[in-house]
Each structure stands twice: as structure tokens, then as C-alpha cells.
2 protein chains.
Amino acid sequence: MEWSVQQIARTAGTTSRTLRHYDDIGLLKPSRTGGNGYRFYDQSTLVRLQRILLLRDLGLGLPAIAEILDHEPDVEQALGRHLDWLRQEQDRLARQIVSVRQTMEALKDGGQIMAEHMFDGFDHTRYKDEVEERWGKDAFAKSDAWWRGMAPAEKETWKQRSRQLGSDWIAAAESGVSAGSAEAQELARRQVEWLTGIPGTPASASAAGGSGDVKDYVTGLGEMYVADPRFAANYGGEAGVMFVRDALQIYAAKHL
Amino acid sequence: MEWSVQQIARTAGTTSRTLRHYDDIGLLKPSRTGGNGYRFYDQSTLVRLQRILLLRDLGLGLPAIAEILDHEPDVEQALGRHLDWLRQEQDRLARQIVSVRQTMEALKDGGQIMAEHMFDGFDHTRYKDEVEERWGKDAFAKSDAWWRGMAPAEKETWKQRSRQLGSDWIAAAESGVSAGSAEAQELARRQVEWLTGIPGTPASASAAGGSGDVKDYVTGLGEMYVADPRFAANYGGEAGVMFVRDALQIYAAKHL
DNA sequence: CTAGAGGTTGACGCTACGTCAAGGTCAAGG
DNA sequence: CCTTGACCTTGACGTAGCGTCAACCTCTAG
């Protein structure tokens, strides 16, 4: 008993194109090929096809399926790995769903937010809670008022400096220089200088006088960067933030 | 102020290749192109890039992103649609996870299961609960014993008939003939004949005598096919099962 | 003999870039 | 002036799994 492509395709619930594809990649060869090139399939190939389709429905890729069918003992191990992969995908989707909903809420709160902050990589309000908790409500209020009072052009310049600092840090970290190098220390100096411009922080308060607070503040900042995953994204991954932290620590010990 | 590809790429946290791609597809054109072909970007293009990357991180496709950025009012609607899509994907993954785990458990229970039933498209035990609930435990026990007592070759023949019937139904449904046509009615006859071979069903009990039960049974069978999504898969989708149901109903009314 | 159904082999299309390959451009140093 | 090295350019292939023509045989039934 043997069948043509269409017959097999209908029986198994797939298409002839799929069968030709499986033939091409060597996943499922016809049991016989006629002199006219026609493909014919028998029972054993049909069974193999149905195994393939079952595994495919479970979400496995064709190479993985070939692996399983050719080395049967690995089947449970392979399924286990696939299960892990499926769970990872679900987690990823869960995170994306949260992000999308947060974005939508932010857009509802004020359409302006989008144009001004949400989409330009410098969301000043996003850190409200942390700033308040760390440095007091007063600090955030001052800082916020300062920001809102700024002209758009000034804002742009400010944001630009922030971004430039970030990318310079990344470039330095990737270049492989040490955290104590002159290059890194210069960046640390710029970072502190930049911080001095933000009102409500110990750095700005002591811009003139200079107190021991600043040292702790700068050192603590580095630790905070490392602990908070959002900063990792801005400083080129985990290695990047650790580089920033070390550079700031060394700078604080030497100069503050 | 303008920057080169690499500078923009580092600032925004992406690669120059991505920028060239966005240029190619028209998603993000450089603000200026030098006589030497070099791409240069300014502040506004940088902002646009950052919007693009934000939306990309939310999982949107590039065409969707272009849509949003070019017709801003649609942004929340677009995000809503995207959210729906993300949820659907999560559901799909959830179903796959369940399937994979079931398969793994089935493989643990008896490695034989795989070779004999699980993978050959005729999982006789899969319907145990439904069969018991519908026709009583006795019916399932009989049916199961009958199946287990069969020689492999006989089993193959039986499964073959089942598959052949399935694909013939699909072919008939797709050919566009009506449920009352001679072709469909012949299939219905074969289906009833096939059912007669399974012990423990009203169809087999009355194979000789013929009682009113059979009519109800066959009619009910059609309804069950329609209600159960697993059958839809075997009969070429929703339209397919409806065709089968109608054909069986007409046949039962005429001949039983 | 001629449809018509069904078969074949290419080959492009789709997502979003990664990854060579081959070759200009530009600033700095010998 | 020439070289080196960093940075830029335009192709073009590869990826996963087929869908979808296109152009062209083959077989069967009327």
C-alpha cells in the first residue's frame, strides 16, 4: 500500500509543499520515487510523518525533531529542554505585556508625557519614588521644579550631556582600560560635575564648600547603578555598570 | 550638532547595521548624507530612533512602529492591538507547555506507549474518560480489550481505514458537494459500517437486529464531532465537521 | 484528442538584522 | 608623501518554515 503526496498530505493534515520541504531537508524521504519523479509514501513513512507533525505542534524546530527521531533515547531530555525554552518565552512575553501596559497608562495620564519624556530616553519622572525615598521628598520637589522650569533648548542640552556621558562610559568600558586609568577618572570627574548641576543632591549642595557627604554620595551612587537593572541598560550591561562603579569609587577616594 | 552612525548607535544602544537597515526600509532616514555617502544624524532623528527602539522593545514589528510614528493619534489603539496579540501568544505557549508535559508523562508511564499509540495518530486511550462517561465503563473496557487483543497487522489495517475515512471526508467537504449528495451519503454509510466494527457501542450491539438506538447514536456522534475541537482537526476544520455532521444526520434519518 | 486534476522543479517572499567581503575616506604619525 | 588604523560605504548571503506563483510534465476519463 502506498500513496501519493496529496493523499498523504490530506491523511496527515498537512500540505504537499510541506512534504516536499521535508524531502528537501532530509527530514522525511518518500519510500519510493517513480521514474517520473513522483513521490510515493508507505505506512512507515506515514508514521514518521505523524510523529514529525506531533512534535511540530509541540513547538519544536525541524532540526530538533530530526534529532529526536534519529536518536530516540534522547526524547525526554529534548522535550525537557524544549519545556524550559517555552517557559522562557512565556516570561519574556509576560515582561513585554507589563511594559506595554505601563506605557499605555503613562500615555493616558498625560498625552504630553509621551512627547516630552516617555519617548526621548530621559524620563525624569520615572525615578520619582526612588529619589524621594533616598534623598527625601524635598529633594525630588526641588529637582522636579528645576527641571520643569527649564527651557526646551536647555533641556535638550542637558539630556544631550547625559546621553553623551553614558555613551562615553560604554566606549571606555569596551576599550578595556582600567577603572583607575586617566581616561576613566576623567569620566568620573565629568560625572560628578554633571551631578553638581542637579539641585537637591548632596553634590550640588556642597558644590562650593565640599563636605564628606559628597564622597559617600558618589560612592553610593555607583552601588546603586550596579543594583538597579535599568542602569545596566544605560551603561552597556553588567560589566559596564561595574566599570562605572569602580571608577567612581576610585575617584571619590582620591579627590573628595 | 550631528553625529556619525557609530556615535548614534552607541548613544542609543544599537548597532550601525541596524541604522543602515532602518535607512533601507525608510523607517529612519539620516538627517544628512555627506558627498561620500556617510550618514549623519541630528537631535530629531536621535529622538525618533529612541522612540523606535522603545516600541521595538515592547515587541512591535517595524511596519507597526512606522505606522505609529507617522500617525501618532493611533498609538494607544495600536498598543492595545499589540497587547491582544501578546496575550494570544501567551495562551498558545501555555497550551504547548501543557501538551509537552502530557507527552512527557505519557512517555514515562510506559515507553511503549510512544511507539504504539502516542505517535501514530491513533491514540486509542486518549478518549478513555469521554468514552466511559458517555457509554459506561463497561463499554470502554470491552472496546479496550478488543483493541489490545488485535494483532499488529490488524491494528494497522484498522487505523488505515480510520485515516482513509477521515481524508475522504475532507476531500468530499472541500469538493463542495452537498451533505445529501450520493458521495457524502456513501461516506456516511462507510462511517456507520466502520463504527459497527467497534464493540461496546450501540452500533455494534445492533449490527444484526437494528434498533432505534443506532439512529440516536449516529446523530449524536455528529454533534459530538462538532463540539469537540479535536475532531475538527481530523476533519479539515470547522466547516469539515459540520459537513460530516449534516451528512450523518441525513443518513440516519433515511436509513436507520 | 483534449480537458482537468495532480505531479515536478526552481525561485522569490517574509522578519530583522548578523556577518563577511571588498573597497573608499579621513586624521594622525614617521 | 606614505602608511596605518579607525570608520564609512554598498552588496549579498543566511536565518525558519513553508506559501505562492511560474512554467512545464503526466496520467486518467470522456
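Order of the sequence lines fixes the chain letters, A, B, ..., with proteins taken first and strands second; residue numbering starts at 1 for each chain. As the structure is a prediction and not an experimental result, all values here were calculated from the model.
Side-chain N/O atoms of A:Q6 include one lying less than 4.0 angstrom from OP1 or OP2 on C:dG7. For the OP1/OP2 pair of D:dC27 and a distance below 4.0 Å, the side-chain nitrogens and oxygens of A:N36 include at least one atom meeting the criterion. Of the side-chain N and O atoms in A:R56, none sit less than 4.0 angstrom from OP1 or OP2 of D:dA16. Considering only side-chain N and O atoms, B:T15 lies under 4.0 angstrom from the phosphate OP1 or OP2 of C:dG18. Between A:T14 and the phosphate of D:dC18, there is no side-chain N or O to OP1/OP2 separation shorter than 4.0 Å. Side-chain N/O atoms of A:Y22 include one lying less than 4.0 angstrom from OP1 or OP2 on D:dC18. In terms of phosphate contacts, A:S4 brings a side-chain nitrogen or oxygen within less than 4.0 Å of OP1 or OP2 of C:dG7. Regarding contacts with the backbone of C:dG10, every side-chain N or O of A:R20 stays at 4.0 angstrom or more from both OP1 and OP2.
The nearest whole Å value for the distance from the CG atom in B:D24 to the C1' atom in C:dT15 is 14 Å. Protein atom CZ of A:R17 is 15 Å distant from nucleotide atom P of C:dG13, rounded to whole Å. Going from atom CG of A:L19 over to atom P of D:dG19 covers 10 Å, rounded to whole Å. Rounded to an integer number of Å, the gap from B:L53 CG to C:dC17 P is 9 Å. Straight-line distance from the CG atom of A:L60 to the C1' atom of D:dC18: 17 Å, rounded to whole Å. Spacing between atom CD of B:E2 and atom P of D:dC7 amounts to 17 Å, rounded to whole angstrom units. For the pair A:Y41 OH and C:dG6 C1', the computed distance is 14 Å after rounding to whole Å. As a whole-Å value, the separation of A:H21 NE2 from C:dC12 P is 17 Å.
With D:dT9, C:dC17, D:dC18 as the choices, the nucleotide that has an atom nearest any side-chain atom of B:Y38 turns out to be D:dT9. When distances are taken from the side chain of B:V5 to each of D:dT9, C:dT8, C:dA16, the shortest belongs to D:dT9.
When both pairing distances are held under 3.5 Å, D:dC21 makes a Watson-Crick or G-U pair with C:dG10.
Checking side-chain atoms of B:S31 against main-chain N and O of B:F40 turns up a donor-acceptor pair under 3.5 Å. For B:H82 (side chain) and B:L58 (main-chain N/O), a donor-acceptor pair under 3.5 Å exists by modelled atom type. A donor-acceptor pair is defined here as one N or O able to donate and one able to accept, closer than 3.5 Å; no such pair exists between the side chain of B:D91 and the backbone of B:A94. The main-chain N or O of B:A179 is found under 3.5 Å from a side-chain atom of B:Q185 such that the two form a donor-acceptor pair.
Contact check on A:R48 versus A:D70 returns a salt bridge, with a Lys/Arg side-chain nitrogen under 4.0 Å from an Asp/Glu carboxylate oxygen.
At a cut-off of 3.5 angstrom, counting only N and O atoms as typed in the model, there is no donor on one side facing an acceptor on the other between the side-chain of A:R39 and the base of C:dT8.
No engagement by A:G34 is indicated, since no non-hydrogen atom pair under 4.0 Å with the nucleic acid exists. As judged by a 4.0 angstrom heavy-atom cut-off over every strand, A:L62 is placed among residues touching the sugar-phosphate backbone only.
Heavy atoms only, all atoms of each residue included: B:A188 and B:A247 are closest at CB-O, 4.0 Å.
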